[in-house]
Amino acid sequence: MLDLTGKVAIVTGASRGIGRGVALMLASRGAHVVAAARGDNAAPTVAEIQGAGKRADAVPLEVTDSASIEAMVAGVLQRHGRIDILVNNAGIARDQLMLRMKREDWDQVMATNLTPAFVLVQAVLKPMIKQRGGRIISISSVVGQTGNAGQANYAASKAGLIGFSKALARELASRSITVNVVAPGWIDTDMTKTITGKAQGDWASQIPLGRLGTTDDVAAAVCFLASEEASYITGQVLAVNGGMYM
């Protein structure tokens with residue numbers, strides 16, 4: 001089993017879905033997880049981790065507020081003295097066909113899905129450089145690779161994470177900091193549960209492995225990229241999509 005004992009990991013959007021799954025699995029591998037979410041929404045995730053005898057703390061975070069991000073990172077450094085893993089997971093969707101999409105739908109998606117990754121990475125870089133090591137992992141999406149009708153804003157934000165991460169990987173390799181992306185396909189979460197009937201059947205028919213992914217499928221990929229076993233992997237997109245896009 002991948003061993004992350006002694007590592008401090010920040011996971012954004014850790015209250016539910018993929019973020020929650022990532023937080024739980026990182027903690028199960030020995031990492032001290034800082035579960036970040038709006039208000040006290042990450043408290044149940046932390047309670048589950050602590051109930052299993054692992055280490056975690058919940059921190060409030062407004063990802064669209066740079067001051068909130070900087071305060072959160074400063075607090076983590078004050079409490080733990082280091083940051084080894086950053087998982088940029090927080091995100092929203094505001095789906096609409098392009099002809100009907102409002103500018104605020106575009107701006108909100110970019111401000112939540114893409115810009116916070118820039119602010120968070122800048123905030124954690126100094127401690128990672130001082131440590132001469134770190135793992136930066138961003139959660140993109142299969143639609144950031146393929147596009148999808150009605151999701152121009154979401155697809156652009158997720159594709160942006162890929163380009164952002166590839167550029168960073170080149171900048172930071174000499175510092176022993178790896179930067180990678182996990183691109184999930186259709187994962188069984190609260191968000192996908194709202195899609196019913198024919199639409200769900202149409203999506204499922206596109207998955208060669210014949211099932212929806214689970215949050216554990218995504219979390220396992222994140223844990224691998226966060227581990228020493230992945231120390232020679234950087235600038236890559238690890239697709240966790242059941243074969244939807246090859």
Side-chain angles (χ1 to χ4, degrees), residues 1-63 65 68-69 71-92 112 116-117 120 123-124 127-128 131 133-139 141 180 182 184-194 211-230 238 240:
M1 185 174 71
L2 301 173
D3 185 7
L4 300 174
T5 301
K7 305 296 185 182
V8 176
I10 296 173
V11 181
T12 67
S15 61
R16 62 178 186 162
I18 288 172
R20 177 180 174 277
V22 168
L24 292 173
M25 193 172 289
L26 285 171
S28 76
R29 301 295 191 262
H32 187 121
V33 172
V34 178
R38 182 171 293 167
D40 62 353
N41 288 348
T45 301
V46 168
E48 185 169 348
I49 290 171
Q50 292 176 343
K54 302 300 182 180
R55 298 179 302 158
D57 51 270
V59 295
L61 179 65
E62 292 286 343
V63 293
D65 182 351
S68 177
I69 290 174
M72 183 271 293
V73 170
V76 173
L77 289 171
Q78 184 176 34
R79 292 191 303 277
H80 303 294
R82 60 186 300 114
I83 296 169
D84 300 285
I85 302 161
L86 169 65
V87 182
N88 291 310
N89 167 74
I92 61 170
T112 305
L120 278 156
V124 305
M128 284 188 176
Q131 295 160 196
R135 300 282 188 267
I136 297 170
I137 302 161
S138 292
I139 307 300
S141 168
N180 291 290
V182 174
W186 196 7
I187 306 301
D188 188 8
T189 64
D190 291 343
M191 186 180 296
T192 57
K193 281 184 173 66
T194 65
R211 67 171 177 87
L212 272 63
T214 68
T215 56
D216 280 353
D217 291 325
V218 182
V222 172
C223 285
F224 169 64
L225 291 173
S227 71
E228 287 304 310
E229 285 81 353
L238 180 50
V240 184

Derivation of the side-chain contact (heavy atoms from CB on, under 4.5 Å) call for L24 and E48
CA-CA 8 Å; L24 292 173; E48 185 169 348; 3.9 Å; yes

When you look at N88 and I136, which way does the side-chain contact (heavy atoms from CB on, under 4.5 Å) test go after all the steps?
CA-CA 8 Å; N88 291 310; I136 297 170; 4.2 Å; yes

What's the separation between atom NE2 in H80 and atom CZ in R55, rounded to the nearest 0.5 Å?
8.5 Å

I'd like to know if the side chain of S68 and the backbone of E62 have a donor-acceptor N/O pair within less than 3.5 Å.
yes

If you compare all heavy atoms of D84 against all heavy atoms of K7, which two are closest, and at what distance to 0.1 Å?
OD2-CA, 3.3 Å

What I'd like to find out is whether the side chain of I83 reaches to under 4.5 Å of the side chain of M128, using heavy atoms alone.
yes

Going by heavy atoms in the side chains, are C223 and L26 under 4.5 Å from each other?
yes

Residue pair N180 / R135, side-chain heavy-atom distance below 4.5 Å
no

Taking all atoms of both residues into account, what is the closest heavy-atom pair of T12 and A90, and its distance?
OG1-N, 3.0 Å

Are I85 and V33 packed together at the side-chain level, in the sense that at least one heavy-atom pair is separated by less than 4.5 angstrom?
no

Closest non-hydrogen atoms of L86 and V124, given as atom of the first, atom of the second and distance, are CD2-CG2, 4.0 Å

Looking at V222, V11, N89, D216, which one forms a side chain to side chain contact (heavy atoms under 4.5 Å, CB included) with I18?
N89

When rounded to the nearest 0.5 angstrom, what is the spacing between CD in Q50 and CG in D57?
8.0 Å

Between CE of M25 and CG of L4, what distance do you get to the nearest 0.5 Å?
11.0 Å

Give the minimum heavy-atom separation between A31 and A9, together with the two atoms involved.
CB-CB, 4.4 Å

In Å, rounded to the nearest 0.5 Å, how long is the span from CD1 of I10 to CG of L61?
9.0 Å

What closest approach, in Å, do A14 and A37 show between heavy atoms, and which atom pair accounts for it?
N-CB, 4.3 Å

Nearest heavy-atom contact between A226 and I137 is N-CD1, 3.8 Å

Is D217 close to T214 at the side-chain level, that is, under 4.5 Å between some pair of heavy atoms?
yes

